[in-house]
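Whatever order the structure lists ligands and atoms in, that order sets their numbers, starting from 1. FYI, the numbering just counts along the sequence from 1.
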Amino acid sequence: MPLLNIKDLKVYYTGHGLFRKQSVTRAVDGVSLFVREHETLGLVGESGSGKSTLGRASLLLIKPTGGSIEFDGTDMVDAAGHKDKSVLKKFRREAQIVFQDPYGSLNPRMKAGRIIADPLRVHGVKDRRVVKDKVLKLLDLVGLPASAYDKYPFAFSGGQRQRISIARALSIGPRFIVADEPVSSLDISIQAQLLNLFREIQEKEGVSYLFISHDLRTVAFIAHRIAVMYLGRIMELAPKTELIARPLHPYTKLLLSSIPSKDRRSTEQREKAGGHGTGCVFYPRCDFAKDICMGVSPELKEVSPWHSVACYLY
Ligand SMILES: Nc1ncnc2c1ncn2[C@@H]1O[C@H](COP(=O)(O)OP(=O)(O)O)[C@@H](O)[C@H]1O
Ligand SMILES: [Mg+2]
């Protein structure tokens with residue numbers, strides 16, 4: 001049984017578009033995927049693909065419009081609706097998030113020691129000595145000196161701050177962590193160090209990651225399997241080496257062939273495609289599009305063992 005098993009997840013945002021028409025953004029539109037224990041599933045796609053929305057919804061930080069999120073065999077969407085919140089509370093302990101921005105996500109008025117200890121307090125660990133001991137161990141685990149305990153966030157570099165974020169996410173002993181572009185704002189050399197840290201932590205603590213990045217190289221370094229997302233849908237999903245060696249989807253090939261432009265096109269295309277939008281979301285950019293691609297969106301289908309693609313070419 002996978003640790004996290006998402007089925008047909010939908011997250012729609014309703015807003016007001018031009019001319020007071022109600023506009024609906026289908027940020028996540030029927031996504032199914034799973035993450036096994038001790039596994040890293042990489043999630044890659046351009047800005048605006050819905051990666052963050054998927055990551056947050058899978059932790060129930062955003063309420064899904066539809067679908068189910070099973071964690072350790074129990075549907076958490078269901079559990080969130082129950083009066084008895086004990087199952088959800090356990091989930092909140094066992095599933096954590098690390099954000100991209102190590103500046104914005106740390107309270108500047110709290111010392112690192114307290115920031116890292118915060119989840120412990122929230123979840124009822126009161127003994128001060130126990131808490132401090134645990135925090136010192138965590139500082140060591142993420143490669144920070146014990147002296148970091150009494151320093152404020154401004155005293156640290158970007159990479160060090162991200163180590164504090166990681167320590168905070170680990171403090172309560174989670175089994176699953178969503179890492180949403182956790183190295184994207186850092187220098188390349190620091191990125192490599194942090195990626196290695198994520199790996200080490202996985203080896204030592206046995207956590208699973210949903211590791212999100214717009215950069216395929218980053219994801220390829222850390223993930224066991226990779227899911228490629230575009231405009232709310234999973235285009236392709238395969239083990240890392242398989243995906244890199246034999247990419248099938250035209251969008252995956254595009255990501256592999258180019259350093260993906262941080263483009264705004266995806267949003268424009270969404271608007272163009274919006275309204276009718278029954279066909280393949282990649283259709284407007286695809287060099288191989290056929291008539292059917294415009295009409296009906298292809299399902300994600302397994303074309304060889306462990307390799308799935310949502311494309312009529314296969
Ligand atoms: N809170 C929100 N309200 C309305 N639309 C949103 C909100 N958050 C994200 N979106 C839209 O949902 C789509 C997916 O966004 P996001 O999940 O942030 O993608 P990514 O992380 O891949 O860049 C985008 O079109 C974005 O504009
Ligand atoms: Mg994002």
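The ring-ring contact (aromatic ring centres under 6.0 Å, His included) pairs that include a residue from residues 185-210 are F198-Y209, F198-F211, where partners are two or more places apart or lie in different chains. Applying the ring-ring contact (aromatic ring centres under 6.0 Å, His included) test to every pair with at least one member in residues 44-83, sequence neighbours left out, gives these pairs: F71-F91.
Aromatic ring orientation, Y230 versus Y251: tilted (interplanar angle from 30° to 60°).
Note that R163 lies outside the cation-pi zone of F156, set by a 6.0 Å cut-off to the ring centre and a 45° limit from the axis. For the pair R114 and Y149, the NZ or CZ position fails the cation-pi test of under 6.0 Å to the six-membered ring centre and within 45 degrees of the ring normal.
Counting side-chain heavy-atom gaps under 4.5 Å among Ile, Leu, Val, Met, Phe, Trp and Tyr, the cluster of V296 also holds I292, Y312.
Around the Mg ion (ligand 2), the protein contributes the following N, O or S atoms under 2.8 Å, ordered by chain and number: S52 OG.
By the 4.0 Å heavy-atom criterion, E46 is counted among the residues contacting ligand 1. Ligand 1 has at least one atom lying under 4.0 Å from a heavy atom of G48.
Taking CD from E181 and CG from D101, the interatomic distance works out to 12.0 Å, rounded to the nearest 0.5 Å.
Of all the atoms in ligand 1, the ones that sit under 4.0 Å from a non-hydrogen atom of T53 are 15 (O), 16 (P), 17 (O).
Note: an N/O pair closer than 3.5 Å links S49 and ligand 1 by distance alone.
Closest heavy-atom approach to atom 18 (O) of ligand 1 within the set A27, G45, G50, S52: this belongs to S52.
At a threshold of 4.5 Å between non-hydrogen side-chain atoms, the residues I166 and I164 do not count as touching.
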